[in-house]
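For reference, positions follow the sequence shown, starting with 1. What you see is a predicted model, and the numbers here were worked out from it, not measured in a lab.
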Amino acid sequence: MNNPQKFLDTVKDFNGKNIDPLALNPVMLVLNDPSKNFNEKYMLGQNMAASKLAAWAINITTFNRIFLEVDPLEKKRDAA
């Protein structure tokens, strides 16, 4: 992270609707494995910034999962 502002801009502008499943699958393995302790509370004990980044990663993957379920339904609704 030699350019923190660029990193923040990338996180802020990240499109949670279009996450490549090939990138998402390994992330989900970590998020769903309790032994990895990848959650905001545990990460807070390590570092405040890390805890917020963990929360973002958890939330953006949750958003993506919900979006992928809801988007086709909204498209069918709009077509009706």
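Applying the ring-ring contact (aromatic ring centres under 6.0 Å, His included) test to residues at least two apart or on different chains, the pairs with a partner in residues 12-32 are Phe14-Trp56. Residue pairs that meet the salt bridge (Lys or Arg N to Asp or Glu O under 4.0 Å) test with at least one member in residues 71-80, sequence neighbours left out, are Asp71-Lys75. Applying the side chain to side chain donor-acceptor pair (under 3.5 Å) definition to pairs two or more places apart or across chains, those involving residues 4-16 are Gln5-Asp9.
Listed by chain and residue number, Ser35 satisfy the side-chain hydrogen bond (donor to acceptor under 3.5 Å, both in side chains) test with Asp33 (two or more places apart in sequence, or in another chain). By the side chain to side chain contact (heavy atoms under 4.5 Å, CB included) test, Asp20 is found to be paired with Leu22, Ala23, residues two or more places apart in sequence or in another chain being considered. Partners of Lys17 under the side-chain hydrogen bond (donor to acceptor under 3.5 Å, both in side chains) rule, at least two apart in sequence or in another chain, do not exist in this structure.
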Run the side-chain donor-acceptor check on residues 37-46: report pairs under 3.5 Å with partners two or more places apart or on a different chain.
from  : atom 1 : to    : atom 2 : distance (Å)
Asn39 : OD1    : Lys41 : N      : 3.2
Asn39 : OD1    : Tyr42 : N      : 2.7
Glu40 : OE2    : Lys52 : NZ     : 2.9

Pair up each side-chain donor or acceptor in residues 57-70 with any protein partner under 3.5 Å, not counting sequence neighbours, and list the distances.
from  : atom 1 : to    : atom 2 : distance (Å)
Asn59 : ND2    : Ala55 : O      : 3.0
Thr61 : OG1    : Ala57 : O      : 3.0
Thr61 : OG1    : Ile58 : O      : 2.9
Thr62 : OG1    : Ile58 : O      : 2.8
Asn64 : ND2    : Gly16 : O      : 2.9

